[in-house]
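Reading through the structure tokens given below for one structure.
As the structure is a computational prediction, the values presented were derived from the model and not from experiment. The chains referred to below are lettered A, B, ... by the order of the sequence lines, with proteins before strands, and numbering in each begins at 1.
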Amino acid sequence: MTENSGNIKESLEEFVKQALQSYAEAQGVTLPKMTILIERPKVKEFGDFASNAAMQTVKIFKKNPMEIAEGIKERIPPSPLIGEISIAKPGFINFRLNPAASGIALKTILAQGADFGRVNVGNGKKVLIEFMSANPTGPLHIGHARNAILGDSIARILNAAGYAVTREYYYNDAGVQMKNLGLSLQARYRQALGEDVPFPEDGYQGDYMKEIAQMLVAEKGDSLKSTQETQAFTQFAADHIIKLIDADMRALGIYFDNWFSEASLHKNGKVDRALDRLAQQGMLYEKDGATWLRSEQFGDEKDRVVIKSDGEKTYIMPDIAYHQDKFERGYDILINVLGGDHHGYVPRLKAGVQALGFDAARLHCIVFQMVTLLKDGEQIKLSTRAGKFITLKNAIDELGADVVRFFFLMRGADSQMTFDWQLAKDHSMNNPVFYVQYAHARCCSLFKKAEEMGITWLGVEQGDPALLALEEEQTVIKTLERYPEMVRLAAETMEPHHITVYLCELAGAFHTLFTSGTKDETKRFLRPDEPALTQARMTLVAALRQVLANGLNLIGISPMEKM
RNA sequence: GCGCCAGUAGCUCAGAUGGAUAGAGCAACGGACUUCUAAUCCGUAGGUCAGGGGUUCGACUCCCUUCUGGCGCGCCA
């Protein structure tokens, strides 16, 4: 295990823990089980790290926190990492690291390269993340993108955090909606052949159905003209629409490992098997001619019907079977990403999973709030049923995949976000995507410039990090050090936006440093008159470029070399 | 009526297991380009963290309550 900043933090935690233990023994007090927290103070005057252990233990020691802090401080073993320990007002113990620590950070970054920031939260556990799962009934609109991008980014982050992740798309190719789709295509097909047939009342109205009908005509001629069976139409439409969806996903850099069909669950008897299992567990009962699931006892609002009095299964049944299948495939953790309009469904599904005998805590449902699109001064709500929508393809074509991804990752999943089309379209400094990408491009540009100037970077070993004494440089280094912690945070909370926010901050620290060089030549990176300093600074730029690239990859955005 | 999510600067939003002086971008105003890419930077102004209680050494964060907004509450999917 290479030493890095994450470990510095962990070492400090260990030091404080031991010191606290030793102090407790000296005081003849038994410590309850507690976690020692080390945090980074917001205000840099307080140092690099701080612990609130003394304040947390006031009641245990029955002493003034300042006094406890002093007692702990005395017992912290000397370390080459720690420069200074001080105690402040209410009872904080503040740590300032030795400048040498920043050298270690840069070395670690460059030694680990693309692996810097990989942390071990998951311990190799198998995760199945199911996302998108939009029914193949029409093209995706821009609101769908939030699901796709969240899911994919979480997958990337968990992957970096030591989980073995599988991405899966579940599509409902059974049931009434699909039948409806088939009927819609059938009508369009016959219309395309010149017949005057009515269009189903609640059919899928979009023009895309006409296009698909044209394709069907091209492929099959009029051979299906008098076919009453809708299955062939459904199949054709669904296959085609799934291809469109997959194309959109690929355009966003998203690749599913599995496409899972609902119909397959029915075909191979998995739905019936799940039903049997529920019955065996005594989770079903009959009432009013229907079969009910005892979901209320697992936290659902009420019991749910799983088989209607007409003998048809309700929609929840295949979903329960699907989740049984997921667990049986050996996954430790299941993640579902779904829109806020489906949040009511979560307790139901969890109850179903528990009724089967699985631990519902292994199923994480990530719920994101709806998106409003702001375009041409108009607010458009993006629900699936909204008549007016902008297709995802349209957005990717006009804005670019990076912009679309970044915008959805700037905010937490549970913020009702507004997608500002004008801002997204603005390829200028107002657009935060370019702010971060520009930072990466600037790093690359510095290396090109160095080459032009005949300067060669000789690698980490040649740059003495102690020369990086500017305040702006230190800010950049401290921000770089935090990267693994950010990955850990994003993984533990399954919230990718922490990475995005962090990258903006890192880019900002670099831009500040860079621009300081335009005002004061001594602050420039490339100074032929100061070879040693130039080497050290190039080391910093190399590390920075690496972390920016790693972070951007983590949220699926390309690090541009030139802009 | 019940449940979930939210309410932080004029606008869009950050604020990790409760911590020290609540942050950023945009918009406004004032500055910095004979440059290592100004797609950048610096400064000024902007706040009763929706309101009210509570928990404690300490609350934007946790609990209760009121108000406002979004979304859900079927033998629909």
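- In this structure, Asp288(A) reaches the bases: a heavy-atom distance under 4.0 Å links it to at least one base atom across the strands shown.
- When heavy atoms are screened at a 4.0 angstrom cut-off, Ala88(A) is found touching base atoms of the nucleic acid.
- Ranking A6(B), A39(B), C36(B) by closeness to the Phe514(A) side chain, first place goes to C36(B).
- In terms of phosphate contacts, Ser415(A) brings a side-chain nitrogen or oxygen within less than 4.0 Å of OP1 or OP2 of A14(B).
- Looking at heavy-atom distances under 4.0 Å, Ala490(A) makes no contact with the nucleic acid at all.
- Atom C1' of nucleotide C26(B) and atom CZ of Phe406(A) are separated by 14 Å, given to the nearest angstrom.
- Distances were taken from every side-chain heavy atom of Val43(A) (C-beta onward) to each of U21(B), G15(B), A77(B); the shortest belongs to U21(B).
- Side-chain atoms of His343(A) lie closest to G3(B) of the nucleotides U37(B), G3(B), G15(B).
- Here Lys562(A) does not reach the OP1 or OP2 of U37(B): none of its side-chain N or O atoms lies under 4.0 Å away.
- For the pair Met494(A) CE and A16(B) P, the computed distance is 18 Å after rounding to whole Å.
- The side chain of Asp414(A) sits closest to C5(B) out of A77(B), C5(B), C73(B).
- Heavy atoms of Asp300(A) sit nowhere under 4.0 angstrom from any nucleic acid atom.
- Remark: U34(B) base-pairs with no nucleotide in the shown strands. Criterion, Watson-Crick or G-U wobble with two distances under 3.5 Å.
- With hydrogens and angles ignored, no donor-acceptor pair closer than 3.5 Å exists between the side chain of Asn52(A) and the base of A20(B).
- Within 3.5 Å, a donor on the side chain of Tyr315(A) pairs with an acceptor on the base of A77(B), or the reverse.
- In this structure, Glu561(A) places its CD atom 15 Å from P of U37(B), rounding to the nearest Å.
- Checked against Asp48(A) for a salt bridge (Lys or Arg N to Asp or Glu O under 4.0 Å), the options Lys478(A), Arg96(A), Arg40(A) give a single hit: Lys478(A).
- Between Thr418(A) and C13(B), a side-chain N or O to OP1/OP2 separation shorter than 4.0 Å is present.
- Side-chain atoms of Gln416(A) and base atoms of G69(B) include a donor and an acceptor less than 3.5 Å apart.
- One finds a salt bridge joining Glu505(A) and Arg482(A) here, because a Lys/Arg side-chain nitrogen approaches an Asp/Glu carboxylate oxygen to under 4.0 Å.
- Within the 4.0 angstrom heavy-atom criterion, only backbone atoms of the sugar-phosphate kind lie near Lys449(A); the bases stay farther away.
- Nucleotide A39(B) has no partner under the Watson-Crick or G-U criteria, as no pair reaches both atom distances under 3.5 Å.
- Of the candidate nucleotides C13(B), C75(B), G15(B), C75(B) has the atom nearest to the side chain of Ala290(A).
- Comparing atom distances between the Arg304(A) side chain and each of G74(B), G15(B), A77(B) picks out G74(B) as nearest.
- Backbone-only contact: Gly340(A) has heavy atoms under 4.0 Å from sugar-phosphate atoms and none from a base.
- His342(A) contributes no side-chain N or O that forms a donor-acceptor pair with the base of G72(B) under 3.5 Å.
- As a whole-Å value, the separation of His440(A) NE2 from A39(B) C1' is 16 Å.
- Residues Gln437(A) and Glu561(A) form no side-chain contact, since every pair of their non-hydrogen atoms from C-beta on lies 4.5 Å or further apart.
- Nucleic acid contact for Ser309(A): base, since at least one base atom lies under 4.0 Å from a heavy atom of the residue.
- Using a cutoff of 4.0 Å between basic side-chain nitrogens and carboxylate oxygens, Glu301(A) and Arg348(A) are not scored as salt-bridged.
- Between Tyr170(A) and Phe260(A), the ring planes lie tilted relative to each other; the angle falls in the 30° to 60° range.
- At the heavy-atom level, Arg348(A) lies under 4.0 Å from base atoms of the strands shown.
- Residue contacts shown for Ala441(A) include a base, since a base heavy atom lies under 4.0 Å away.
- Minimum atom distance to the side chain of Tyr438(A) is reached by U37(B), of the listed C75(B), A77(B), U37(B).
- Side-chain polar atoms of Glu286(A) and Thr291(A) form a donor-acceptor pair below 3.5 angstrom.
- With a cut-off of 3.5 Å on both pairing distances, the Watson-Crick or G-U wobble partner of G3(B) is C71(B).
- Neither side chain, Thr137(A) nor Asn135(A), offers a donor N or O lying under 3.5 Å from an acceptor on the other.
- Side-chain atoms of Asp341(A) stay outside donor-acceptor range of the base of G72(B), with no qualifying N/O pair under 3.5 Å.
- One can place CD of Glu473(A) at 18 Å from P of C36(B), the figure rounded to the nearest angstrom.
- Under 4.0 angstrom from either OP1 or OP2 of C41(B) there lies at least one side-chain N or O belonging to Tyr435(A).
- Proximity of Thr512(A) to the phosphate of C42(B): a side-chain N or O atom is located under 4.0 Å from OP1 or OP2.
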**Message:** Between Phe61(A) and Tyr23(A), does the ring-ring contact (aromatic ring centres under 6.0 Å, His included) criterion hold? Intermediate values first, please.
**Reply:** CA-CA 10 Å; Phe61(A) 289 111; Tyr23(A) 181 65; 4.9 Å; yes

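- For the pair Lys302(A) and G3(B), the criterion of a side-chain N or O lying under 4.0 Å from OP1 or OP2 is not met.
- An OP1 or OP2 oxygen of G74(B) is reached within less than 4.0 angstrom by no side-chain nitrogen or oxygen of Lys308(A).
- Checking U12(B), U17(B), U37(B) against the side-chain heavy atoms of Arg411(A) singles out U12(B) as nearest.
- Pair check for C26(B) finds G10(B); Watson-Crick or G-U wobble, both atom distances under 3.5 Å.
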